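Below: the structure, in structure tokens.
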Amino acid sequence: MNPTTQASTPKTLTHVVRDREAHKRPLDMRLIQRVLALTNAHPRTRGWLFLMCAIRALQLPMLGWLMAAAINGPITSGDSAGALRMAIWFALLAAFTAAIFHVRMRLGLELGEAVVFELRSRIFEHLQRMPMRFYNQTKLGRIISRMTSDAEAIRAGVQDVLFVSLVQGGQMFIAAVIMLYYDWVLFLVVLAMAPVLLLISNYYRHRLSEAWRNIQESFSRVTATLAESVTGIRVTQGFVREDVNAVMFRDLVADHADYNLRADKLVGVFLPLVELNNQLFIAVLLVLGGYKVLVGLPIGGGTADEQFAAMWVFFFMVPSFFGPITMIGRQYNMALTAMAGAERVFALLDTEPEQLDDDDAIDAPPIKGRVEFKDIGFQYVKDTPVLHGINFVAAPGQTVALVGHTGSGKSTITSLIAKFYLPTEGELLIDAMDIRKIRGRSLTQQIGIVLQQNFLFTGTVMDNIRIGHSGASDEQVIEAARNLDCLDLFESLPQGLNTQVGERGGNLSLGQRQLVCFTRAMLADPRILILDEATSSVDTMTEARIQKALATLLQGRTSFVVAHRLSTVRHADMVLVLDQGEIIERGTHNELLAHGGTYANLYRQFIHASEA
């Protein structure tokens, strides 16, 4: 199995996906400045962090230098009291170093969390303002990834990459200065060895980065497939796909195992090579330094005792110099990942919501509900018309039924009325006012929508009904349910109106979910009501009760009813029959039956299906 090929064509239980986002981006000063600007609200924490980094960068080499000084001084001379003093100073410095490390870590975590909190809040607020077109054109997974993996990448960039790199870079610089001061010849040897370690680190870092990315992506496929399988278990068992899915899932797990093994093999080579490089330098140091001490090599200068002291300094400084090379390489890799995450997050935040209101738009006064379409045309995608020349007038209080095959434009018309989109051509008037001149929020507050696939939020039945009117009292919710003649059905639930609906309403039947949404619309008391396939999930007995209640709900309101079940449109004041985005017939139910056209044919098909 080729892991690289598999990574580019990840499998699911149904198909192969080749759509991947960039994992890394080059360092971009504009993006770096924007990321750092996220910390501007916390200047004190940021300032203390810089100070802690400077102190810690000095402390780490000083621990090595102090150890070398103890060996070169009191230990070599046999001064036990001096050695004890040096040990005490070393212990105090080590404790102070640990304390500084704790403070730096804590401040870094606090700053990172504050940045992510603000960033996620901004993303969520921005998403709430984005128009329906954005959600139709953007995959849900990518929206979620902005909140999760991309935000976490920025967190890592803020709390780790910058400050860890400062510590490591400062530590490396100070160690270099100390070594250069003691013996420039040995320091040149250190510099000669550094590129070798850098090349090894870069070579394996790129390959490990790709391996870890493949591990992450393969594990995401495993978890996503598991979640999808649990959600669709009825389909799986209904079509007897348990064995087939199990085999395909084993393939996904096998891919994940292969990626883990490949990463382990790389680590198994990389770490020994780094260790070998360090040991090789120590061997070179012993040979060259020992030769200088014993023979008195002229280059570099200094007495034999000074050369001996320099050897110990170098022995303890080398880890402080070489260690940061690998660490900085790892931070650089994280920085590139953070750049990709930052680019995607800021691209989302920079996406201006589609302007649905004119600059001079006003809040809608209490509307009467007159809706007029004047030569309306609409396109979801440029040069792909969905509606052509739609003309009709719905008088206040009228019920307009929209009928036609799937894709004929019925739901698009209701979306235009709700101002989820603006017409591409023509005028849409509400009470003789162009919809562009009415602020969307003030209009939608007077529109009620009940869809075929209504979404219920986690919470109680009461909470979900109250979405239609957030300030409604319990008594008002109960009254709305009573007016809809479904209060007894809600009260028959295990905890009545306080019953938890579960995730996506999973604790309720389809009919019960629809009744919750009808009651929500009743509570909102809208002037315009849109029912988009609203009774398709309700059984015949429940539908009979709802039809009676709807007569009360629709009274005095302009209503638009989209339905395939033509029994729901018999009493409409006007029926519009659509085909490929055009109105091909209009009239009442009886008039269209007498006409004997498309509607009459659809009705005969409906009657035949009902009797079959």
Side-chain angles (χ1 to χ4, degrees), residues 230-234 397 399 401 414 418 444-572 610:
V230 172
T231 303
I233 191 64
R234 291 186 178 181
T399 296
T414 60
T444 53
Q445 286 173 349
Q446 301 186 62
I447 296 178
I449 303 176
V450 181
L451 304 174
Q452 178 183 7
Q453 298 293 334
N454 273 286
F455 186 87
L456 297 187
F457 294 89
T458 300
T460 65
V461 172
M462 178 80 75
D463 295 334
N464 275 275
I465 294 175
R466 193 176 276 122
I467 288 174
H469 180 12
S470 58
S473 64
D474 291 355
E475 291 74 18
Q476 289 174 306
V477 172
I478 293 172
E479 184 63 23
R482 183 180 292 113
N483 290 339
L484 199 60
D485 194 25
C486 59
L487 180 60
D488 59 320
L489 296 178
F490 292 145
E491 290 178 339
S492 66
L493 295 172
Q495 284 82 42
L497 285 165
N498 291 318
T499 299
Q500 292 289 328
V501 303
E503 185 177 359
R504 293 182 296 179
N507 292 341
L508 304 181
S509 68
L510 290 175
Q512 288 169 334
R513 294 178 213 170
Q514 291 296 85
L515 287 171
V516 170
C517 297
F518 273 108
T519 310
R520 179 191 295 171
M522 173 71 82
L523 182 64
D525 191 24
R527 305 312 307 159
I528 296 176
L529 183 65
I530 296 172
L531 308 178
D532 194 343
E533 305 287 355
T535 61
S536 61
S537 298
V538 180
D539 57 73
T540 305
M541 185 174 295
T542 304
E543 182 182 0
R545 295 184 63 177
I546 288 180
Q547 291 295 343
K548 181 180 178 181
L550 283 180
T552 302
L553 178 62
L554 300 179
Q555 188 174 3
R557 296 180 173 89
T558 306
S559 304
F560 296 87
V561 180
V562 178
H564 286 300
R565 294 169 65 168
L566 300 185
S567 59
T568 62
V569 302
R570 289 174 179 170
H571 304 292
S610 300

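All values reported here derive from a predicted model rather than from experimental measurement. Along the sequence shown, the residues carry numbers beginning at 1. Atom set for the values below is all heavy atoms of this structure, side chains included, hydrogens, waters and symmetry mates excluded.
Between Gly397 and Thr558, the shortest heavy-atom contact is N-OG1, 3.2 Å. Across all their heavy atoms, Gly468 and Ala524 have their closest contact at O-CB, 3.3 Å. The shortest non-hydrogen separation linking Leu456 to Arg513 is CD1-CG, 3.7 Å. The two residues Gly448 and Pro526 have their closest heavy-atom pair at N-CB, 3.2 Å.
Side-chain atoms of Thr444 never come within 3.5 Å of backbone atoms of Ile447 as a donor-acceptor pair (strictly under, hydrogens ignored). Within the 3.5 Å criterion, the main-chain N or O of Ile467 finds no donor-acceptor partner in the side chain of Ser470.
With contacts defined as side-chain heavy-atom distances shorter than 4.5 Å, the pair Leu497/Asp474 does not qualify. Contact of the Phe490 side chain with the Val516 side chain is registered, since non-hydrogen atoms from C-beta on lie closer than 4.5 Å. By the 4.5 Å heavy-atom criterion applied to side chains, Phe457 and Val501 are not counted as neighbours.
Taking CG of Asn483 as the start and CD1 of Ile478 as the end, the distance is 12.0 Å to the nearest 0.5 Å. Atom NE2 of His469 and atom CD of Gln445 lie 11.0 Å apart (nearest 0.5 Å). The CG atom of Leu529 sits 11.5 Å away from atom OG1 of Thr414, with the distance rounded to the nearest 0.5 Å. Remark: Asn464 CG to Cys517 SG distance equals 7.5 Å, nearest 0.5 Å. Within the model, atoms OG1 of Thr519 and CE of Met462 stand 11.0 Å from one another, a figure rounded to the nearest 0.5 Å. Taking CZ of Arg482 as the start and CD of Glu491 as the end, the distance is 7.5 Å to the nearest 0.5 Å.
Taking Asp463 as the reference, Thr460 meet the side chain to side chain donor-acceptor pair (under 3.5 Å) condition, with sequence neighbours excluded.
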Practice prompt. Start with the C-alpha gap between Val461 and Leu508, add the side-chain angles, then the distance that decides, and say whether side chain to side chain contact (heavy atoms under 4.5 Å, CB included) holds.
Written response: CA-CA 9 Å; Val461 172; Leu508 304 181; 4.3 Å; yes

